Colleague: 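Here's a structure for you.
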Amino acid sequence: MDGGVTWSEQTVTVPDELVNSQIYAYPPLFLTKDQGILITRPAENENEHTLLYITIDGGQHWKSFLDHHKDQYAGIAWTLSESMATVKDAEKTWTLSMQNYGKWSL
């Protein structure tokens with residue numbers, strides 16, 4: 001993992017409910033070189049919807065989850081609140097503060 005040095009732009013699908021919204025993306029978190037999560041919220045009403053994406057192939061493809069505030073997929077579990085996200089895999093737990101542009105911590 002190189003901190004995004006070799007990343008390239010990827011296109012993700014936005015659900016119909018949010019297609020006309022300006023969407024804010026928090027910093028992505030890669031748990032491994034293949035598993036990553038990207039949490040987004042509409043800018044105009046950040047508490048109305050939460051849209052997150054998960055990749056299991058290093059960012060080549062992203063599966064979307066709209067308003068799944070507590071769920072799991074492919075060994076990644078998450079819980080979302082208005083101000084925080086918690087992400088777990090088999091070994092670690094990360095927390096994202098959704099204030100001040102977000103920052104992940106172990």
Side-chain angles (χ1 to χ4, degrees):
M1 298 195 284
D2 62 12
V5 172
T6 59
W7 290 1
S8 61
E9 186 174 316
Q10 298 293 316
T11 301
V12 293
T13 303
V14 176
D16 291 342
E17 298 93 326
L18 300 177
V19 76
N20 292 319
S21 298
Q22 180 179 350
I23 297 176
Y24 177 80
Y26 293 94
L29 170 68
F30 274 80
L31 291 72
T32 68
K33 69 180 186 69
D34 293 320
Q35 291 183 312
I37 186 167
L38 174 65
I39 299 173
T40 72
R41 284 194 169 152
E44 66 273 5
N45 188 349
E46 66 183 55
N47 297 325
E48 185 174 333
H49 291 289
T50 301
L51 174 62
L52 63 88
Y53 297 91
I54 293 184
T55 183
I56 57 172
D57 61 7
Q60 295 299 310
H61 302 92
W62 294 84
K63 180 171 177 60
S64 65
F65 297 85
L66 178 62
D67 296 331
H68 288 239
H69 296 283
K70 186 173 183 177
D71 210 340
Q72 62 180 359
Y73 175 74
I76 302 171
W78 64 89
T79 303
L80 306 173
S81 70
E82 288 183 25
S83 62
M84 184 178 298
T86 303
V87 175
K88 298 178 182 184
D89 68 3
E91 299 175 14
K92 297 179 183 173
T93 300
W94 293 264
T95 303
L96 170 68
S97 169
M98 293 184 174
Q99 300 172 352
N100 301 322
Y101 306 108
K103 181 178 179 183
W104 288 102
S105 59
L106 272 172

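Not measured: the values here are computed from a predicted model.
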Colleague: Within a radius of less than 6.0 Å around CG of Leu29, do more than 12 heavy atoms belonging to other residues, nucleotides or ligands occur?
Modeller: yes
Colleague: Using 0.5 Å steps for rounding, measure from the OG1 atom of Thr79 to the CE atom of Met84.
Modeller: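 Rounded to the nearest 0.5 Å, the OG1-CE separation comes out at 11.0 Å.
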Colleague: Identify the two heavy atoms, one from Ile76 and one from Ile54, that lie closest to each other, and give their separation to 0.1 Å.
Modeller: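 Taking every non-hydrogen atom into account, CD1-CG2, 3.7 Å.
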Colleague: On a heavy-atom basis, which atom in Pro42 and which in Ser21 lie closest, and how many Å separate them?
Modeller: CB-CB, 4.3 Å
Colleague: If hydrophobic clusters are built from ILVMFWY residues whose side chains come within less than 4.5 Å, do Val5 and Leu38 share one?
Modeller: no
Colleague: Testing the basics here: between Lys103 and Leu96, what is the closest heavy-atom pair and its distance to 0.1 Å?
Modeller: N-CD1, 3.3 Å
Colleague: What closest approach, in Å, do Arg41 and His49 show between heavy atoms, and which atom pair accounts for it?
Modeller: CG-O, 3.5 Å
Colleague: Give the minimum heavy-atom separation between Phe30 and Gly58, together with the two atoms involved.
Modeller: CE2-C, 4.1 Å
Colleague: My understanding is that only residues two or more places apart in sequence, or in another chain, count here; which of them pass side chain to side chain contact (heavy atoms under 4.5 Å, CB included) with Asp89?
Modeller: Leu31, Glu91, Lys92, Trp94
Colleague: Can a donor-acceptor pair be found, under 3.5 Å and without considering hydrogens, that links the side chain of Tyr26 to the backbone of Trp104?
Modeller: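 Between the backbone of Trp104 and the side chain of Tyr26 there is no qualifying donor-acceptor contact (under 3.5 Å).
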Colleague: Between Leu52 and Ile37, does a side-chain contact (heavy atoms from CB on, under 4.5 Å) hold up when you go through it step by step?
Modeller: CA-CA 7 Å; Leu52 63 88; Ile37 186 167; 4.2 Å; yes
Colleague: So, using side chain to side chain donor-acceptor pair (under 3.5 Å) as the criterion, who are the partners of Thr11 when residues are at least two apart?
Modeller: none
Colleague: List the steps and the verdict of side-chain contact (heavy atoms from CB on, under 4.5 Å) for Leu18 and Leu66.
Modeller: CA-CA 10 Å; Leu18 300 177; Leu66 178 62; 3.8 Å; yes
Colleague: Mind checking side chain to side chain donor-acceptor pair (under 3.5 Å) for Gln72 and listing every partner two or more places apart, or none if nothing turns up?
Modeller: none
Colleague: Could I get the full list of side chain to side chain donor-acceptor pair (under 3.5 Å) partners for Thr55, not counting sequence neighbours?
Modeller: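 Checked Thr55 against side chain to side chain donor-acceptor pair (under 3.5 Å); matches are Asp57.
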Colleague: Considering all heavy atoms of both residues, which atom of Thr50 and which atom of Leu80 are nearest to each other, and what is their separation?
Modeller: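 For Thr50 versus Leu80, the nearest heavy atoms are CG2-CD1, 3.3 Å.
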Colleague: Go through the structure and list residues passing side chain to side chain donor-acceptor pair (under 3.5 Å) with Ser8, not counting sequence neighbours.
Modeller: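 If we apply the side chain to side chain donor-acceptor pair (under 3.5 Å) test to Ser8, skipping adjacent residues, the hits are Gln10.
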Colleague: Is it the case that over 12 heavy atoms from other parts of the model lie below 6.0 angstrom from the CD atom of Gln22?
Modeller: no
Colleague: With His68, which residues qualify under side chain to side chain contact (heavy atoms under 4.5 Å, CB included), at least two apart?
Modeller: Phe65, Asp71, Trp78
